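In what follows, every heavy atom counts, from backbone to side chain, and hydrogens, waters and symmetry copies are set aside. If you're wondering where the values come from, they're calculated on a predicted model, not measured in any experiment. Here is the naming used below: chain letters follow the sequence lines, and residue numbers restart at 1 for every chain.
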There are 2 protein chains.
Amino acid sequence: MFVRTAGQTARPHTLGDIGMTSGSNAVVSLNEFTYKQGTEIYGEKEPADYVYQVKKGAVRSYKLLSDGRRQIAAFHLVGDIFGFANGELHRFTTEAVVETTVRLIKRRSLDLMADSDAVVTRNLLSMTANNLHHAEDHMLLLGRKTSLEKVAAFLIEMDRRLTAASVMTLPMPRRDVADYLGLTLETVSRVLSQMRRAGVLDFISKSQREIVIINRQRLATFDLQG
Amino acid sequence: MFVRTAGQTARPHTLGDIGMTSGSNAVVSLNEFTYKQGTEIYGEKEPADYVYQVKKGAVRSYKLLSDGRRQIAAFHLVGDIFGFANGELHRFTTEAVVETTVRLIKRRSLDLMADSDAVVTRNLLSMTANNLHHAEDHMLLLGRKTSLEKVAAFLIEMDRRLTAASVMTLPMPRRDVADYLGLTLETVSRVLSQMRRAGVLDFISKSQREIVIINRQRLATFDLQG
DNA sequence: CGGGGGCTTGAGGCCACTCAACGATAGTGG
DNA sequence: CCACTATCGTTGAGTGGCCTCAAGCCCCCG
């Protein structure tokens, strides 16, 4: 690897990783906070004073155009760290998709740690690179994939990241899925129905957020690979 | 800033920056190489043995779907550094848009320098973060902007980056612009003609790659901001 | 002067969007 | 417990923006 950070691609980072894998004795205070469904965690262009790790729930991270069009760049699920963009200001608005608990760390503490501890900087580099890779893949999806391919890619991504059982419970509504994929919510709904009719998916009654993938192999064929 | 790298946002990085701003005495050999128009510099999933800086010309960096659809993620112009993705393999294919001269640095050398010199790692973090910011903005463009907004944003970006005189000479053909913006070349051509008819642009006869922006202010209104 | 690549322009089509109606679900308060 | 409401999701009809297919022009170059 470019900067050696052995094992880091094998398991997720944690805030503990950032600060505690080195020999440093610095102890970082880790506060927790819970956001109700739909509330903003921070806004675009606000000072970036904290870094966050999702303990419970899910977070959406997006940009808006002045007329309200929205592009969600990422969903942050349990374990994910977000808000550590390299700069003084946040580049996205983030909101709790459902009731969400996060751990906070003061960015200033991280700055100081990074100054004295190269491991911290390397972990930040590794995490930033992971974000970049996701963004690069998402550009291909947004620019060149059809609605069927987009939705299939989304389901495959969520199936991988939501380590849940046979039933996948999406935390986000159709509108969020649409704004993540560059579609409308109606199109997302239509494609999901189409997949259900094709016998690839099934919905659990009572909640259309609960989805069963009946045929992963077939689903994968819907999303053209590089 | 998150990791202090004073002054680095004010001017572009150079390969010299990576290796020579610290106290390290390591001397990195900087080789040059010239690629003919259209030739591949490296392919996706190839081992990433070198990092590159454009000395002359322009480079496109893209991903392909198996049926040939292409998404260009970035154009690398004079001064830009590319190919330093954090991992063993390149994530894009890169090609010379026109005849292009690059400086090369062995990645292994950078790895070693990064191990012994925190400044190197921080510069890599800073550059990776800049790439991420560009990708984030581009996701909004690809997912939510109209063809008019996309082309306007492209012209504004190129006007800023190609520091040239009143006449902007685009190094890339219409097809590359289209694959950068998630459009077809015909749509790009139509939008450019529309802007010319609107008195915002003019083309220089003899070469449609040479474009004069007559009204920057008006052009800016075509691209909706966040 | 002929050939080829790049660009423009037109005609028609299709995929995703818009607008709209309806159903289902969950939360609220009487 | 049942309206009542708001939110979310599905589905249909019709539209439109961008794509596809095609022709023709311009410039470069042999």
Please classify the nucleic acid contact of [X] as base, sugar-phosphate, or nothing, using heavy-atom distances under 4.0 Å.
{"X": "A:Leu183", "result": "sugar-phosphate"}
{"X": "A:Gly38", "result": "nothing"}
{"X": "A:Ser189", "result": "base"}

Which sits closer to the 5' end of DNA chain C, A:Thr184 or B:Ser193, going by the nucleotide each is nearest to?
B:Ser193
Most 5' of B:Met172 and A:Val188 on DNA chain C, judged by nearest nucleotide:
B:Met172
Could [X] and [Y] be called an ion pair, given the rule that one side-chain N must be under 4.0 Å from one carboxylate O?
{"X": "A:Lys36", "Y": "A:Glu99", "value": "no"}
{"X": "B:Glu157", "Y": "B:Arg161", "value": "yes"}
{"X": "A:Asp159", "Y": "A:Arg216", "value": "yes"}
{"X": "A:Lys45", "Y": "A:Glu88", "value": "no"}
{"X": "B:Asp176", "Y": "B:Arg70", "value": "yes"}

For A:Glu95 and A:Tyr62, does a side-chain donor sit closer than 3.5 Å to a side-chain acceptor?
yes
Check the distance between [N]'s [atom2] and [X]'s [atom1] and give it to me in whole angstrom.
{"X": "A:Leu185", "N": "C:dC22", "atom1": "CG", "atom2": "P", "result": "18 Å"}
{"X": "A:Arg69", "N": "C:dC17", "atom1": "CZ", "atom2": "P", "result": "13 Å"}
{"X": "A:Glu186", "N": "D:dT7", "atom1": "CD", "atom2": "C1'", "result": "15 Å"}
{"X": "A:Lys36", "N": "C:dG27", "atom1": "NZ", "atom2": "P", "result": "14 Å"}
{"X": "A:Met195", "N": "D:dT10", "atom1": "CE", "atom2": "C1'", "result": "16 Å"}
{"X": "A:Gln194", "N": "D:dT11", "atom1": "CD", "atom2": "C1'", "result": "14 Å"}
{"X": "A:Glu210", "N": "D:dC8", "atom1": "CD", "atom2": "C1'", "result": "14 Å"}
{"X": "B:Ile211", "N": "C:dG6", "atom1": "CD1", "atom2": "C1'", "result": "14 Å"}

What about [X], does its side chain sit under 3.5 Å from the base of [N] through a donor-acceptor pair?
{"X": "B:Arg190", "N": "C:dG10", "result": "yes"}
{"X": "A:Arg174", "N": "D:dT11", "result": "no"}
{"X": "B:Gln208", "N": "D:dC25", "result": "no"}

What residues in residues 140-152 of chain A put a non-hydrogen atom under 4.0 Å from any atom of DNA chain D?
none
With a 4.0 Å limit, can you tell me whether [X] has a side-chain N or O closer than that to the phosphate oxygens OP1/OP2 of [N]?
{"X": "B:Arg209", "N": "C:dC7", "result": "yes"}
{"X": "B:Thr187", "N": "D:dC18", "result": "no"}
{"X": "B:Arg196", "N": "C:dT9", "result": "yes"}

I'd like the C1' distance from C:dG13 over to C:dC17, given in whole Å.
16 Å
Verify side chain to side chain donor-acceptor pair (under 3.5 Å) between A:Thr101 and A:Thr34, making sure each step is shown before the conclusion.
CA-CA 4 Å; A:Thr101 302; A:Thr34 297; 3.0 Å; yes
B:Tyr42: ring-ring contact (aromatic ring centres under 6.0 Å, His included) partners, not counting sequence neighbours:
B:Tyr52, B:His90
If we fit an axis to the first five pairs and another to the last five of the helix from C:dC15-D:dG16 to C:dG30-D:dC1, what angle do they make, to the nearest 10°?
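Roughly 10°, once rounded to the nearest ten degrees.
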Proximity of B:Phe84 and B:Phe82 rings by center, below 6.0 Å:
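Centroid separation for B:Phe84 and B:Phe82: 6.0 Å or greater.
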